[in-house]
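In listed order, ligands and their atoms are each counted from 1. Model, not experiment: these values are computed from the prediction.
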Amino acid sequence: AVTASNSLKRVDSLCPFCGVGCQLTYHVRDNRLIRVDGRDGPANEEKLCVKGRFGFDYIHHPQRLTKPLIRKEGAPKEQMDPANPLSHFREATWDEALEKAANGFKSFKGPELAGFGSAKGSNEEAYLFQKLIRTGFGTNNVDHCTRLCHASSVAALMEGIGSAAVSAPFMDALKSDVIIVIGARPAQNHPVAATYIKKAVKQGAKLIVMDPRRQALSRFADHMVQFKSGADVALLNAMIHTIIDENLVDEEYIKTYTQDFEKLRSRIQSFSPEDMAPVCGIAPNEIRKIARLYAGAKRALIFWGMGVSQHVHGTDNARCLIALALITGQIGRDGTGLHPLRGQNNVQGASDAGLIPMVYPNYQAVGDKTIHDRFADFWQAELDPDPGLTVVEIIHAIQARQIKSMYIMGENPAMSDPDTTNTRKALASLDHLVVQDIFLTETAMYGDVVLPASAFPEKTGTFTNTNRQVQLGRQAVDPPGDAKQDLWIICEIANRLGLNWSYDHVRDVYREMASVMNSLNAITWERLETENSLTYPNDQAVLFRNGFPTETGKGRIVPTDLIPPDEVPDTDYPFVLTTGRMLEHWHTGAMTRRAGVLDQIEALPVACLNPKEMKKRDIEAGDIITVSTRRGTVDIHARPDRDVPPGMVFIPFCFKEAAANLLTNPKLDPYGKIPEVKTCAAKVEKT
Ligand code: SF4
């Protein structure tokens, strides 16, 4: 895994960006990354996208934090100098910074404290972080970006089939004859996974792309179903109606492996394609065609992303997809199944490791007394018996002065959370905020203590990709200056809180974590060191061949009703605003905006509009326009984009100069507690 010659070292590791989990080799000279090559990993077969291949030099950026920082006495949090944000801080020794961080936490009681961990960190970091919050802070107020990602999918999957991970890897697209991609843009956000979908189409598979925006995969699609934003349930229920009405269901499968089909059959009557066509904007005949194609396939696979999950009805959207698979038996065989594409490289693993307020590692319910007592015994600690608050709920609790102190490791809620103006005010109002990161992010600027952490290539740990493949990332270079590895920092804080932790190596943390996660039974550290990538559970790529891990062993079909988006266009705000990612930048841009090649390709904040809308408003490409919602305003460059339908504006959320989330709606899905950042009402004006 590590070879060296002529002062050039090669280290086998992983891409730090998306959930595809591409394996790569770092080429290192004089403690600097000089090149990256794709490795023959099971999810990438030597392929890398532009981020993985060229987006590595952020780790050597001059803005890396190299010393612990403490906010200067009296430096106001609300009035940062964006040109010189460091002016509000002074450098400190590690001892001083850690003492101040820990003493601050000690002056508050359990429910007054909270922590955000990170899906950018390893499984071991996620495990130790949630253990620290639960045992050291005495609260379950611990969450991470899964809440902004697939929380609603997880709620629906746990309820329906008893397991939140994907049922089949994305490479199984090559075995499918029909593939649905809904609310996802794999060619931008999971580029190497998209290559398998394109290859499947070239081999003869039929591709159905369903999304309010067109995308690169539309060119490969037999059906590009461009439905109205927020009308997912109408469209999917009309498909289900067709399948039941035309008796395209798999009766044997329904009888053997599902429950509550009759409830669906009676509730679906009001969702005929004719009735739903005006709601979703798709003609009844087209709805029938795609329903027949999916139900009639020998093997069909559904991929989905944030376009499904980030709605007030995100859980209902996922329930519809689960129902589609269950009534047609399109799950539990090669080339079939449900695949919610995970966004960050370790959002699957961080969730598995318990970085979630309502469950311990392996989704074991906090509220279950037996499980609670078992963890209290294992960790030798008193544990909060009640589930904690989620990401947006924590921000609300800060505003209500219920939470007064936070530990944020590697997350950037000042950019990623909806209605960012209020999020930033909340962060500024905390009595004590400790941020652990590699840059002075928009969130770290509100910190009382800022702890310089390690970048991905500076540490060793395990990461779990969207396919349930646990893979080993290996340290290639040392952290710069006095920056430290995240595990060391977490342990130092834990010990100052009196937890008395001692781990000699990351593998010790892995072993402890695996001992409470039966999904990792067959995956030892030693196997990972030699085999690099192992799939849980028990090396099974395709799950649910003989039923589901639910109480009855059957998949539960949950009917859904129409719930409109929380905000729809009106005369004051006539556009739909939607947000998302772009190929070259990743999430809030903290890393990729500091990667030379990537930031040169996409250097400026843009809002994408249909060219017809631009012409109507006399807007030229590159003009500055003002996009406003009921929560905020950004000035941003206009970009013509035929993929965006008239009446819609799309803004990527990676640009701090025009932060899209200043505009987005914090209204939550009631089950997954995910905010509706995918759609809200907006106004577009030429500036
Ligand atoms: Fe990295 Fe994802 Fe690109 Fe692979 S597809 S190189 S994991 S960003």
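Contact atoms of ligand 1 toward Val192: 4 (Fe), 5 (S) (distance under 4.0 Å to a heavy atom of the residue). Near Gly21, with a cut-off below 4.0 Å to any heavy atom, the atoms of ligand 1 are 7 (S). Taking every non-hydrogen atom of Gly52 and a distance limit under 4.0 Å, the qualifying atoms of ligand 1 come out as 6 (S). Below 4.0 Å from some heavy atom of Leu48 lie the following atoms of ligand 1, by number and element: 6 (S). Every atom of ligand 1 is numbered from 1 in the order shown, and the set under 4.0 Å from a heavy atom of Phe17 is 8 (S).
Because the distance cut-off is set at 2.8 Å, Cys15 fails to qualify as a neighbour of atom 4 (Fe) of ligand 1, as none of its N, O or S atoms comes that close.
Tyr127 and Glu512 are linked by a side-chain donor-acceptor pair at a separation below 3.5 angstrom, with hydrogens and angles left out of the test. His311 and Thr679 form no side-chain donor-acceptor contact under 3.5 Å, judged by distance and modelled atom types alone. For the residue pair Thr462/Glu124, the side-chain donor-acceptor check at 3.5 Å is satisfied.
Ion pairing of Lys459 with Asp486 is present here, as a side-chain N (NZ or NE/NH1/NH2) and a carboxylate O approach within less than 4.0 Å. Using a 4.0 Å cut-off between charged nitrogen and carboxylate oxygen, Arg639 and Glu602 count as a salt-bridge pair.
For atom 2 (Fe) of ligand 1, the nearest protein heavy atom (residue, atom name, distance) is Cys18 SG, 2.3 Å.
The shortest separation from a heavy atom of Asn44 to ligand 1 is not under 4.0 Å, leaving the residue out of contact.
Closest heavy-atom approach to atom 7 (S) of ligand 1 among the candidates Cys22, Cys49, Ala193, Gly41: Cys22.
Judged purely by atom type and a 3.5 angstrom limit, Asp57 uses its side chain to pair as donor or acceptor with the backbone of Gly596. No donor-acceptor distance shorter than 3.5 angstrom exists from the side chain of Arg594 to the backbone of Gln63, with no hydrogens or angles considered.
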